[in-house]
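Single-structure report; data block below.
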Amino acid sequence: MNWALGLWVVLQGLTLLGVLNYWRHLPVDRQEEAPEGVVLLLSVRDDWDGGAELIARLKAQTARFRLVIATSGECAAAEALAAREGDWVQIVRAGVASDEGQKVHKLRAALRALAPKDRYLVFVDADIEPPARLVGRLLFPLVRGKADIVTGYRLLLPERNIGAALVGAVEMQLATLPRAASATMPWGGAMALTRETAERLDLDAALAGRLSDDMAIGLAGWRAKLRLRPVRDLLVATPLEGRGAFAFGVRQYRHIVTNSVGMWLIAGAVVGAQALGWVWALGWGGWSAVAVGYAAAVGRALVRRRIIAGVVEPGQARAARRSLWWDVLGPFVVCWAHWGMQLVAAGSNRIRWGGFDYWVEGGEVVRMERVG
């Protein structure tokens, strides 16, 4: 029993040290760049409502850019926005895909519509609430020659719903992992690269036939031995509804398992060790083991609270902190839910996303059907 408790102490200590590592490496001097030739690529669904808050936040960016909105061709809100603000907004109508993800299909159309002057490509998602520094921070490592692909990561803002807060707690485990360039995958919700890098990767070909844009770009970058750099202070606020929250988590891991089984196995082993460790602690470890687990959980929550306060706006921080209660009150539930998402993800290669069902093998779409 002593050796098991010792192993449990080490395991819990490592999780706390990982979060402390993230906090310790948060940049203090958050430098930005605002070069010429920046284009921001945004893929939207046809039922997009125009994203009034998103557009306002994009207008408030400290770096200037032109906005390319990629649609399937029937988005009235995007057309209205371009009609009002055509001096900086361009619409690209991609049509409907037949053998690749609809988002990928639209982004490929946007890439083909780039102007000769476009030197820096910034990708964002339509559901984010970006800070004013987003574009400038993403561009800084590129302009200074410190990276080839730069990325932020999502910070989920769960609505007042128990399930959404639980999924937010699971995602918080990923958001506050130590970030190393050699182990970073880009997130398509806030990602940037140079035009030169896009051409080096032959980005249009790298995305062709794929479902996940960021997985395709990240894996292509790894193969090309590019420098992928995370910007730790760019945990970008992203609202999460309670309905479909668990399915969202499963979908993220299904993207991983259908693109890289090895990556999924590593993630599953790490989370599985924690999940099974909690089974032992609650069933056989005794009060000392439970106390160790809860002490580490409270420590992680306190550090994450500091991280959240340092990277997002106060209102966003209040929403994000809803997830921390799960890690304090039921850390074992968070681990079991996380592992459950990973295991369920491996049970099928079908991914429902954006109004379509996709069947994916080796990262490529082999079949797709419109839902409904």
Side-chain angles (χ1 to χ4, degrees), residues 41 43-46 70-72 94-112 123 125-127 149 151 153-154 167 170-171 174 183-189 191 198 201-224 228 238 240 244-272 337-372:
L41 307 179
S43 168
V44 300
R45 294 178 54 169
D46 286 346
T71 74
S72 298
V96 178
S98 60
D99 59 355
E100 61 188 1
Q102 188 61 22
K103 180 182 179 183
V104 162
H105 187 67
K106 289 180 282 192
L107 288 178
R108 292 182 65 207
L111 289 170
R112 291 191 292 270
F123 298 78
D125 281 347
D127 59 348
I149 301 175
T151 184
Y153 196 73
R154 70 171 72 85
V167 174
V170 169
E171 188 70 10
L174 302 173
T184 292
M185 283 294 289
W187 171 54
M191 172 178 63
L201 291 176
D202 192 359
L203 200 53
D204 182 67
L207 289 170
R210 299 283 172 168
L211 177 59
S212 173
D213 54 313
D214 40 20
M215 288 291 297
I217 293 172
L219 292 172
W222 278 8
R223 287 191 291 268
L228 280 71
T238 308
L240 176 68
F246 189 83
F248 163 81
V250 171
R251 187 178 72 220
Q252 304 314 306
Y253 272 108
R254 198 159 284 168
H255 280 303
I256 294 175
V257 74
T258 55
N259 278 274
S260 173
V261 173
M263 192 182 304
W264 174 85
L265 286 172
I266 293 172
V270 171
V271 176
H338 195 165
W339 202 32
M341 290 175 187
Q342 293 175 325
L343 296 177
V344 171
S348 173
N349 68 338
R350 187 182 75 172
I351 299 175
R352 176 163 292 185
W353 191 21
F356 290 87
D357 277 340
Y358 300 94
W359 285 261
V360 184
E361 294 180 5
E364 295 187 347
V365 175
V366 296
R367 176 185 163 201
M368 61 181 289
E369 294 178 1
R370 188 184 291 272
V371 176

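Please read all numbers here as calculations on a predicted model, not as lab measurements.
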Under 3.5 Å, is there a donor-acceptor pair between the Glu361 and Thr258 side chains? no

In terms of side-chain geometry, is the basic nitrogen of Lys103 or Asp125 positioned less than 4.0 Å from the acidic oxygen of its partner? yes

Going by atom types alone, do Tyr358 and Glu364 pair a side-chain donor with an acceptor below 3.5 Å? no

Apply side-chain contact (heavy atoms from CB on, under 4.5 Å) to the pair Asp357 and Arg367, showing each step before the final yes or no. CA-CA 8 Å; Asp357 277 340; Arg367 176 185 163 201; over 6 Å; no

Leu211 vs Val104, side-chain contact (heavy atoms from CB on, under 4.5 Å): CA-CA, chis, key distance, verdict: CA-CA 6 Å; Leu211 177 59; Val104 162; 5.9 Å; no

Mark yes or no for whether His105, through its side chain, and Ala94, through its backbone, hold a donor-acceptor pair below 3.5 Å. yes

What distance do Ser212 atom OG and Glu100 atom CD have between them, rounded to the nearest 0.5 Å? 13.0 Å

Do you know which two heavy atoms are closest between Ala70 and Ala110, and how far apart they sit? CB-CB, 4.2 Å

Any residue meeting salt bridge (charged side-chain N to carboxylate O under 4.0 Å, His left out) with Asp204, in chain and number order, not counting sequence neighbours: Arg108, Arg112

Candidate pair Arg370 and Val96, rule side-chain contact (heavy atoms from CB on, under 4.5 Å), full reasoning: CA-CA 10 Å; Arg370 188 184 291 272; Val96 178; 3.8 Å; yes

Using a 4.5 Å cut-off on heavy atoms from C-beta on, say whether the side chain of Leu201 contacts that of Arg223. no

Quick one: pull up OG in Ser260 and CE in Met215 and give me the separation to the nearest 0.5 Å. 6.0 Å

Within a strict 4.5 Å, meaning less than it, do heavy atoms of the Val371 and Arg352 side chains meet? yes

So which atom in Asp99 and which in Met368 form the shortest heavy-atom distance, rounded to 0.1 Å? N-SD, 3.8 Å

For Asp214 and Gly188, work out which heavy atoms get closest and say how close. OD2-N, 2.9 Å

Validation row: Lys106, Asp213 side chains within 4.5 angstrom (heavy atoms): no

Closest non-hydrogen atom pair between Ile217 and Met191, with its separation: CD1-CE, 3.6 Å

Spacing of CD1 belonging to Ile256 relative to CH2 belonging to Trp264, to within rounding of 0.5 Å: 10.5 Å

Leu228 CG to Thr184 OG1 distance, which is reported to the nearest 0.5 Å: 6.5 Å

Please tell me if the side chains of Glu369 and Trp359 come closer than 4.5 Å, counting only heavy atoms from C-beta onward. yes

Tightest non-hydrogen contact, residues Phe123 and Leu203, listed as CZ-CD2, 4.2 Å

For Pro186 and Ile149, the nearest pair of non-hydrogen atoms, with its separation, is CB-CG2, 4.2 Å

Tell me, with the steps shown, if Leu41 and Leu111 meet side-chain contact (heavy atoms from CB on, under 4.5 Å). CA-CA 8 Å; Leu41 307 179; Leu111 289 170; 3.9 Å; yes

Determine, step by step, whether Glu171 and Arg154 satisfy the salt bridge (Lys or Arg N to Asp or Glu O under 4.0 Å) criterion, reporting the C-alpha distance in whole Å, the side-chain angles of both residues, the deciding distance to 0.1 Å, and the verdict. CA-CA 8 Å; Glu171 188 70 10; Arg154 70 171 72 85; 2.7 Å; yes

Tabulate below the donor-acceptor pairs under 3.5 Å that side-chain atoms of residues 342-351 make, not counting sequence neighbours, or state none.
from	atom 1	to	atom 2	distance (Å)
Gln342	NE2	Tyr253	OH	3.2
Gln342	NE2	Ala267	O	3.3
Ser348	OG	Arg350	N	3.0
Asn349	ND2	Val360	O	3.2

